[in-house]
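Structure first, commentary second.
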Amino acid sequence: MKKYLLFFYLFILPLSLVQAKEIPIENFVKEAQFKDAKLSPEGDYLAVSLPLIDRTGLVILDRQTMKPSYVYRFPENNHVDEFYWVNNERLVFTRVFKEPWREQPVTNGQIYAGNYDGSKGDVIFGWSAGTNRTGNLRMKKNKGPDRSFGEVLHILPDDPEHIIISARHMDHDYDSPLRILKLNVYTGKKKLITRTPYGNMHINLDSAGNPVFANGTDSKGKFRSFFYVDREWIEIKEDEPLNDYRPVASDSSGKKLYMKSHLQDKTDALFEYDMASKKIKMIFNHPESDIHSLIREPSTQIVVGAEVMPDYFEYHYFEPDNEFAQIHNSLAGVFAGEDITITSRTNDLSEMIVLVQSDKNPGDFYLYNHKKKQVGLMLKRKQWLASQDLADRQPIKFKARDGKTIYGYLTLPKEISKPVPLVTYVHGGPYGMQDTWFYDTDAQLLANRGFAVLQVNYRGSGGYGWEYEKIAYKKRHSLIQQDIIDGTKWALSQPEISDKACIMGWSFGGYSALMSPLIEQDLFSCSIAAAGVYDAVLQEEEADYSEISSVALGAAAKRYGTDEKLLTEESPLTYIDKLRTPILIVHGGKDKRVPPEQAYLLKEALDKRNMEYEWLFKEKEGHGFYKEENQIEFYEKAIKFLNKYLK
């Protein structure tokens, strides 16, 4: 373990550089020095993805010597993204790359493979597969170039030569059927398993990688479900009870499905469906919180439990006799008060890598030796952020004006000698998204600069039941803003908080940063609106999802509506004459989700009325700022703006 730590300390900044009080903005936005770490199936090698100046590499360590056996790296501005051990010698991985005209990396859908020592490396799927660009694959039947975007679905732990992928042809739209392929990780040979009925689908595979179930929205916006039986997709009739459930996994036998459904529009419940008897049995439900995530065995993806987050997180196991569930439960006790995710394990369960996170910890990797019952720290994602210098994130509840309980989080500065000003930070979405207890860069940075940070999980947010979310459909400008406003008033009544507040956010948070001050004109001293929608009619015509029929006619229509009168009512620009709040407008020129025209429309409206505002526009950024120097500039400008009106 000493050799192990010594190697990685070469990449880590010493703890002495950590600032005790005011932490530099760079330390918050700086890319994590380690992204992911995974053991090979027999434990002989360790793969770690980490930034290498202008690219992200994949370092393979021989655990006997703790020296790199190979480093996979792409050309400048290309990054290793997801990676998986297929067997003890071979990995598959994907990449993203940064184009000159935009900051946010994108993918070309290719899948790569290589051995621990760099041998036999090649593109095994994608437009350049088998063309001798990176290796020596020869063109044969069912090999070679495939103008499709590939995505790894299953590693097939019992098959050391194959994986299961989905493939979407580059010439097809998002609603066109996907191919499900079995791909040889050495030769690139692919075998068609099936084609899905349409494109916008969630596909469920059993532990052996066989298709079991798929559901999603077709090009007419209709939700449909299918079983895969005898190599055919059999649609479940619209009036059958199974249509009310969403399969999420298969059990270890492959004969049962785990499915989610809402209990009478309340919180998620997990059910077990016996495919032979067709019986459905509820096995878990939390009365206040949806299922945040499933606890899965990392190789087979078998589900052994669930994590919920009514405030802090909780684990619940429904296969308590499963060996992996018992190990997970034991490790949860070791890291009490922190969340754990087992990212990989050896075939014999003798060793595992555990990712540990909390509200003050963006992620540490530990090595757990099951035989010796020992745990040792391996890597810290952000060594330069010390948990003792960060703030606690406190779960909060308050009553909205209609008596409904609303949830959220409050982050207060570590040291408070007098009441501090408030920043109401609104999350995006709005529907189905939520703020959680985990480490949050925005909240920690603002708290470090002396602001209390309120994050409201307004109605429409996910995590608290179907009724909690759907009641806010088509109410972006009314009910949701009321919850945000009521939360702000609740926070301002707390003894640690002064009588001044500003509001800020990205995407829907940017929308709210303008809409809430238009509704409650004297509540907020300033507003920071980033990547927000200000003309909802135009947004539904020009957003990237407007070109995807299943989304535009399905989720978007259901949540936002299609009536022009309603969309006009939901547009902040409709009420812009009421604005009294100074505003900072932030947007990216390559934003496809909320086109930059939205920012220019707001700017034009304010110029026309001689209203006060500041402007930050980055031509190459998308829906959120990606480049580190642009993030730093945003935070510097935002903090200066907040200080101007709050302190």
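Numbers here simply count residues along the sequence, with the first being 1.
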Checklist entry - Going by atom types alone, do Y635 and D442 pair a side-chain donor with an acceptor below 3.5 Å? => result yes

Next on the checklist: For D81, give me all partners under salt bridge (charged side-chain N to carboxylate O under 4.0 Å, His left out), at least two apart in sequence or on another chain.
Outcome noted: none

Checklist entry - Is the distance between the ring centroids of F634 and W506 less than 6.0 Å? => result yes

Checklist entry - Is any side-chain heavy atom of L422 closer than 4.5 Å to a side-chain heavy atom of V453? => result no

Checklist entry - Are side-chain N/O atoms of Y458 and H427 paired as donor and acceptor at under 3.5 Å? => result yes

Next on the checklist: Can you tell me how far apart NZ (K578) and CD (Q521) are? Round to the nearest 0.5 Å.
Outcome noted: 6.5 Å

Checklist entry - Among all residues two or more places apart in sequence or in another chain, which pass the side chain to side chain contact (heavy atoms under 4.5 Å, CB included) test with E520? => result I485, K489, L523

Next on the checklist: Between E597 and K603, does any NZ, NE, NH1 or NH2 come within less than 4.0 Å of an OD or OE carboxylate oxygen?
Outcome noted: no

Next on the checklist: Strictly below 4.0 Å, N to O, side chains only: are E633 and K618 in salt-bridge contact?
Outcome noted: yes

Next on the checklist: With no hydrogens and no angle check, just 3.5 Å: does a side-chain donor-acceptor pair link D364 and N361?
Outcome noted: yes

Next on the checklist: For the residue pair D339 / Y315, report whether a side-chain donor-acceptor contact shorter than 3.5 Å exists.
Outcome noted: yes

Next on the checklist: Regarding Q455 and R393, do their side chains bring together a donor and an acceptor under 3.5 Å, going by distance alone?
Outcome noted: yes

Checklist entry - With a 4.5 Å heavy-atom cut-off, do V586 and F625 have their side chains touching? => result yes

Item to check | Donor-acceptor pair between H262 and Q264 side chains, under 3.5 angstrom | outcome: no

Checklist entry - Judged by modelled atom types alone, do T94 and E82 share a side-chain donor-acceptor pair under 3.5 Å? => result no

Next on the checklist: Can you pull out every ring pair (Phe, Tyr, Trp, His ring centres under 6.0 Å) where at least one residue sits in residues 553-573? Sequence neighbours excluded, please.
Outcome noted: Y431-Y560

Next on the checklist: Within the 4.5 Å heavy-atom criterion, are P419 and I497 side-chain neighbours or not?
Outcome noted: no

Checklist entry - Stepwise, does the salt bridge (Lys or Arg N to Asp or Glu O under 4.0 Å) test hold for K266 with E467? => result CA-CA 6 Å; K266 304 298 182 181; E467 182 181 28; 3.1 Å; yes

Item to check | Any side-chain donor near an acceptor of the partner, Y312 and D359, under 3.5 Å | outcome: no

Item to check | Pairs where residues 582-596 contributes a residue and the test salt bridge (charged side-chain N to carboxylate O under 4.0 Å, His left out) is met, not counting sequence neighbours | outcome: D544-R593

Checklist outcome for this item: Taken in chain and number order and not counting sequence neighbours, the residues that satisfy side chain to side chain contact (heavy atoms under 4.5 Å, CB included) with F223 are N215, T217, S225

Next on the checklist: Parallel, tilted or perpendicular: which one describes the rings of Y600 and F617, with boundaries at 30° and 60°?
Outcome noted: tilted

Next on the checklist: Quiz question: by atom type and distance under 3.5 Å, do the side chains of S49 and T56 form a donor-acceptor pair?
Outcome noted: no

Checklist entry - Is the centre of the Y464 ring less than 6.0 Å from the centre of the Y407 ring? => result yes

Next on the checklist: With no hydrogens and no angle check, just 3.5 Å: does a side-chain donor-acceptor pair link T574 and E569?
Outcome noted: no

Checklist entry - Are any non-hydrogen side-chain atoms of Q539 and Y534 less than 4.5 angstrom apart? => result no

Next on the checklist: Can you tell whether the side chains of D389 and K414 come within less than 4.0 Å, N to carboxylate O?
Outcome noted: no

Item to check | Contacts of type side chain to side chain contact (heavy atoms under 4.5 Å, CB included), residue Q394, not counting sequence neighbours | outcome: L412

Next on the checklist: How about CD on E496, more than 12 heavy atoms from neighbouring residues, nucleotides or ligands closer than 6.0 Å, or not?
Outcome noted: yes

Checklist entry - Does a salt bridge link D36 with R381, judged by any charged N lying under 4.0 Å from a carboxylate O? => result no

Checklist entry - Do K360 and D440 meet the salt-bridge criterion of a basic N to acidic O distance under 4.0 Å? => result no

Next on the checklist: Using a 6.0 Å cut-off, check whether atom CE of M433 has over 12 heavy atoms from anything other than its own residue.
Outcome noted: no

